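Since the structure comes first, as structure tokens, the remarks are kept for the end.
In the text below, chain A, chain B and the rest are named by the order of the sequence lines, each starting its count at 1. All of these numbers come straight from a predicted model, not from anything done at the bench. Computed from heavy atoms alone, side chains included, the values below leave out hydrogens, waters and symmetry copies.
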Number of protein chains: 2
Amino acid sequence: MEVIDNDELLSIRAAELYYDENKTQDEVGAILKLTRWKVGRLLASAKEKGFIRIEIVHPRARRLILERSLTERFALSDAIVVPTAGTHGADDLRARAAQGAADYLASLRPVPRTLGISWGRTLHDVAERLTEGWATGVNVVQINGGVSVNQRAGTAAATAFEIARKAAGQATLLPSPAILERRETKLSIEADRTVAGVLNLAASASAYLYSAGVAGSDSALVESGYLTGADVDELVRRGAVGDVVGRYIDAAGMIVDPSLDERTVGMSLDALRSAATSIAVIAGEGKHAVARAVVTSGLCTVLVTDEGTALDLLNPDFPA
Amino acid sequence: MEVIDNDELLSIRAAELYYDENKTQDEVGAILKLTRWKVGRLLASAKEKGFIRIEIVHPRARRLILERSLTERFALSDAIVVPTAGTHGADDLRARAAQGAADYLASLRPVPRTLGISWGRTLHDVAERLTEGWATGVNVVQINGGVSVNQRAGTAAATAFEIARKAAGQATLLPSPAILERRETKLSIEADRTVAGVLNLAASASAYLYSAGVAGSDSALVESGYLTGADVDELVRRGAVGDVVGRYIDAAGMIVDPSLDERTVGMSLDALRSAATSIAVIAGEGKHAVARAVVTSGLCTVLVTDEGTALDLLNPDFPA
DNA sequence: GCCCTTTCTGCTCATATGAGCAGCGGGGCG
DNA sequence: CGCCCCGCTGCTCATATGAGCAGAAAGGGC
């Protein structure tokens, strides 16, 4: 057949015959007039130089190399990275990450006795994607105050109930607004026996699952009426990149507005940081900054995210 | 590790470990608690279902499957399809196709004694990409009238000279305008001994290499001043899809305007159709229609094109 | 021009993979 | 309830592939 001398080109021809035409290395050798060992070596060099790209196209595929890099770089105990390929829109991506989180949760060993969760669209998606009987006897407890002001009331509760039901466990809600107007109110509600009991239960959970919001006017906290768009703008001006369990943090993972934080009901971030297992599900173009803040400040031990966010986190421009 | 029952998902996990992490099927089996045979079968099914995509990323890679389909569908003796991936803009794609044509020409056996060529940007690119000494003693002859009216004068000649020089052969130019104003002039110039001699030589060439132009005001024939934009618009109105060696054809490969054709100097399309080896290099989004006309009307025995055009040609909406 | 070093080639042998087959088990049917 | 059929499992064995090595070739310094 063709006589080419250039080795690189030859390796490409060999690769075409081997992979596209699936011939054996012997056959390729016969066609290109090479020994099969030479063909093997050419193929190896083509792989080496990255000319051969093997991609696994499936919505539930994962990016193991990225996962390993993330766990190493940010000292996580685990990372799940779902592929972006074929995804259309932020909703689709969030759904994939949620699926990943659901799969991870189901495979988590030891099975947590009590699981502390936050709420939001992402958590809702996770709940939806858990299979019936994903575990048995897992009790679920909310770790931050729920939605209650507007029509979205109930989604937070529904998420908790769904996760618990599918694991044949109990759900415990945190019967409190997410953010109160006065610090005193917050202190007294926390002191209430019911609320205090839930908070204690939350503090003793064996694992946590939460997401993070972007600091912007489309935030769930704004939609739910706890904050105004102007409040959030001000937080952004002061360096907020997003919120975790209702608490706004800056790029370093620090509370942006301590006085606001004192009016927020739920687990403190420091409590979350000292948890043995805390799973953060953060995916989407817009969440790169929050994701970075979360992983660099040690807020989670496990990160579930998408390829794009993972690549951004591993971007060498930001040394870990 | 994880315990998943769904077979599809399992095959994806196996594929990740096998391809991304390059573990052996045995190791994958150990991780997923499966026998290595089961792993092999899962991998096979994943390939089967198309979840594993192996791509060869290299500018000079080819698409052998498409090539085979083209040769079969259009009864070509050969087809070269270059990948579109990573290409930016029509120029880039044309360059790749030109490279493909140059490679093909160099590997053509038997080596043509005389090669008839047309001219244009594509042919220029091919000439540029041929390696010095791509063959020995190949004489080149122009098969249609050259550029001569404006500043681009000479490129047609340069293309012929370059191809010939690199093969240590002679170049013979066709010393005539591409299109004349009056039929009589065309007839008398063709009768001239010099021109007639070149045309005879062209007719006896052992192989031909040409490209095709799109019927539009950016056509080389317009740029060179042989036709006006209005002329071309009229041709398009009458069904022209593009030109081959200066002659405008419709979707069926028929001459659109016989009176114009009678004023065009060079090989007739029928002569081209009866050639044993005629290589058409036609690539780019805009050239799908001409490419189709060329292959369906039997104008070439070998087609060099890009992936996009090939896919369009194989589109089942147009039965061959 | 000669010799030494470095790279490349084609081999042997160990290992990984795929084809084909017998046995098992579960579901449907009498 | 038992039987049969189909599909799945885990095997044996043949084949394909990759590691490692010895000899060949090529290139460079003197």
Rounded distance (Å) that lies between atom P of C:dG18 and atom CG of A:Asn22: 11 Å
CG of B:Asp26 versus P of D:dC11: gap in Å, rounded? 11 Å
Value in whole Å for how far the C1' atom of C:dA19 lies from CD of B:Glu48: 15 Å
A:Glu72 versus A:Arg68: any side-chain heavy-atom pair under 4.5 Å? yes
Whole-Å distance separating the NZ atom of A:Lys38 from the C1' atom of C:dC8: 7 Å
Side chains of A:Thr309 and A:Asp312, donor plus acceptor under 3.5 Å: no
Whole-Å distance between C:dT7 P and A:Leu42 CG? 18 Å
Atom CZ of A:Arg36 and atom P of C:dG10: how far apart are they, to the nearest Å? 12 Å
Answer yes or no: side-chain N or O of B:Trp37 and base N or O of C:dT17 forming a donor-acceptor pair under 3.5 Å. no
Using whole Å, what does the distance between atom P of nucleotide D:dT17 and atom CZ of A:Arg41 come to? 15 Å
Just the rounded figure in Å: distance from P of C:dA16 to CG of B:Leu43. 15 Å
Answer yes or no: is there an ion pair linking B:Glu162 with B:Lys166, defined by an N-O contact shorter than 4.0 Å? yes
Per atom distances to the A:Gln25 side chain, the nearest of D:dT17, C:dG18, C:dG10 is D:dT17
Under a 4.0 Å N-O cut-off, is there an ion pair linking A:Glu16 with B:Arg63? no
